[in-house]
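All of these numbers come straight from a predicted model, not from anything done at the bench.
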Number of protein chains: 2
Amino acid sequence: MLLPVPTYQPKSACSSCNLAEICLPINLSEFETYKLDELSPVKRSFSRSDYLYRSGDKFRSLFAIHSGSFKTQILHEDGREQVTGFQMTGEIIGLDAISTDIHACEAVALEDSVVCELPFNKLEALSREIPTLQRHLHKIMSREIVRDQGIMLLLGSMRAEERLAAFLLNLSQRFAARGLSATQFELRMSRQEIGSYLGMKLETVSRAFSHFQAQGLISVKVRTIEIVNLAGLQACLNSSRS
Amino acid sequence: MLLPVPTYQPKSACSSCNLAEICLPINLSEFETYKLDELSPVKRSFSRSDYLYRSGDKFRSLFAIHSGSFKTQILHEDGREQVTGFQMTGEIIGLDAISTDIHACEAVALEDSVVCELPFNKLEALSREIPTLQRHLHKIMSREIVRDQGIMLLLGSMRAEERLAAFLLNLSQRFAARGLSATQFELRMSRQEIGSYLGMKLETVSRAFSHFQAQGLISVKVRTIEIVNLAGLQACLNSSRS
DNA sequence: CGAGATTTTGAATTGGGTCAAGTTATGTGG
DNA sequence: CCACATAACTTGACCCAATTCAAAATCTCG
């Protein structure tokens, strides 16, 4: 299976980079990287508030975010909706649709973004040939499960300010992992969207921001955030009672 | 790849039954079923409150619940803990551990139970050979993601009684899928555990049960539940405002 | 520049949490 | 099998964090 293929230049700069998620690097041999081009991923561009997919759409592909960011949200019959995640460069979305072949949630661009479309049947075929890729895919899915369970913990047992602190610290880590500042960043989402994600009302989000600022933990100017006292913000989290 | 192997009697009655989850049936050819025996799954028994695995344990296997039921819960550093799910016969647990090779949560038997241990590296090897199994595994993982996101919706946007109604209706469906009564069942978990799962205090769970009973929706005798008015309970769910 | 959207802040309200007491179940040892 | 101890559950009264409603301030973008 491991035929040696000497020198190799990727046909598309994209195929490997997209599966090499920032937080979960994948190391492939040259031959495997070569095989990966069979995916022939297609890049697609989106403007702010464009839908990448909608609830009910037929599932064909996973999407690797090449640049920009998205939110995913589920819609309940009765109109209730909830943001289930914010995804940024290097992250994979669409995993929820594998289960039924229908997208269970919808993905909306939070800014101008580019995604790389990864046809799922090709991904499955390739991961049968490349065990490293197979394991990688499993880890990506499992990591999503762990992430979701972390949100369940947050929603089920934290108070409003703890949730926001956890949210900001998570963003901070993710920006840092991408080589951006861990302490200064621009929020791409509204208070309403943050609130939906964290299970609280937008007013509560706003108040929590103001309170953190008053405590000297952060500096807020609408969507521009600076974490002034990172340790202090972390301390917020550990101050639980129950 | 699809060599015909005529008549076949499963060596162990277990290998196929465990992957053929009740809610997600898998259809394999005889040869594939034969191959599946390479998993050589081992059955293990647990008494009530035994740990199947603990947080931090090295990951080696997934577990198919053969009989009985479990709860999974995550422990936060600060002592906070949250039940992330209740699993019953036919369901697979341990998916969270694939991500890091370390179990992120712990699984505790709610009653005397038997599980089937499925070594994950064998499962991966087999799913490279049996595309149907590969797809099945992906669907199982994806379904867990969808389930978790459903809980996020529940925790983030439902009121206490809606949560309990959703919980009871979910249990009802799962019992029905197993050929048991959809309207009469025994809870295997305490009020405390239900509360942890639903993000509310045990007193609130108890009050919600009492209120449903007062409304004539259910009949509660501690852990014995009868759903008297199923439609009424469903109506509870759709009575949202936001 | 101006209109609509987003955010902030205040005041009043309330759902669920907390604390506490009493009741009912469960399980163990005699 | 019963008695007792302990755990689990229910109910009440009070309280507080977060929601709701409202209005003003600020931002965004055509």
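Note on residues 92-108 of chain B: pairs passing salt bridge (charged side-chain N to carboxylate O under 4.0 Å, His left out), not counting sequence neighbours, are A:R135-B:D101, A:K139-B:D101.
Residue A:L52 holds its CG atom at 4.5 Å from CZ of A:F46, rounded to the nearest 0.5 Å. A:C236 contributes atom SG, which lies 11.0 Å from atom CE of A:M158 (distance to the nearest 0.5 angstrom). Annotation: the span from B:F70 atom CZ to B:E91 atom CD amounts to 12.0 Å, rounded to 0.5 Å. Taking CZ from B:F167 and CG from B:L154, the interatomic distance works out to 10.0 Å, rounded to the nearest 0.5 Å. To the nearest 0.5 Å, atoms CD1 (B:I98) and CE (A:M141) are separated by 9.0 Å.
By the side chain to side chain contact (heavy atoms under 4.5 Å, CB included) test, A:V220 is found to be paired with A:R191, A:F209, A:Q213, A:I218, A:I225, residues two or more places apart in sequence or in another chain being considered.
In this structure, A:G195 reaches neither bases nor backbone, as no heavy-atom distance under 4.0 Å exists between it and the strands shown.
When the nucleotides D:dT20, D:dT10, C:dG15 are ranked by their closest atom to the side chain of A:K201, D:dT20 comes out on top. Considering only side-chain atoms of B:M200, the nucleotide from C:dG17, D:dA18, C:dA20 that sits closest is C:dG17.
Whole-Å rounding puts the A:E186 CD to C:dT6 C1' distance at 14 Å. Atom CZ in A:R191 sits roughly 11 Å away from atom P in D:dT28 (whole-Å rounding). One atom, CD of B:E203, and another, P of D:dC14, lie 17 Å apart when rounded to the nearest Å. For the pair B:M189 CE and D:dC9 C1', the interatomic distance rounds to 16 Å; values are reported in whole Å. Atom pair A:Q192:CD and D:dT19:P shows a separation of 12 Å (rounding to whole Å applied). A straight line from CG of B:L164 to P of C:dG15 spans 17 Å, rounded to a whole angstrom. The distance from atom CG of B:L202 to atom C1' of C:dG16 is 13 Å, rounded to the nearest whole Å. Rounded to an integer number of Å, the gap from CZ of A:R48 to P of C:dA5 is 12 Å.
Around atom CZ of B:R48, no more than 12 heavy atoms belonging to other residues, nucleotides or ligands sit under 6.0 Å away.
Contacts between residues 204-211 of chain B and DNA chain D, defined by a heavy-atom separation under 4.0 Å, are made by B:S206, B:R207, B:S210. Residues from residues 212-224 of chain A that place a heavy atom under 4.0 Å from any atom of DNA chain D, listed by number: A:V222.
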Output a table of donor-acceptor pairs, distance under 3.5 Å, between side-chain atoms of residues 57-64 of chain A and any protein atom two or more places apart or on a different chain; print 'none' if there are none.
from: A:D57; atom 1: OD2; to: A:R54; atom 2: N; distance (Å): 2.8
from: A:S61; atom 1: OG; to: A:E117; atom 2: OE2; distance (Å): 2.9

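The rotation axes computed at either terminus of the helix from C:dC1-D:dG30 to C:dG30-D:dC1 lie 60° apart, taking five pairs at each end and rounding to 10 degrees.
Side-chain contact between A:D148 and B:R147 is absent, with no heavy-atom pair separated by less than 4.5 Å. Within the 4.5 Å cutoff, the side chain of A:V115 has no heavy atoms near those of the A:Q87 side chain.
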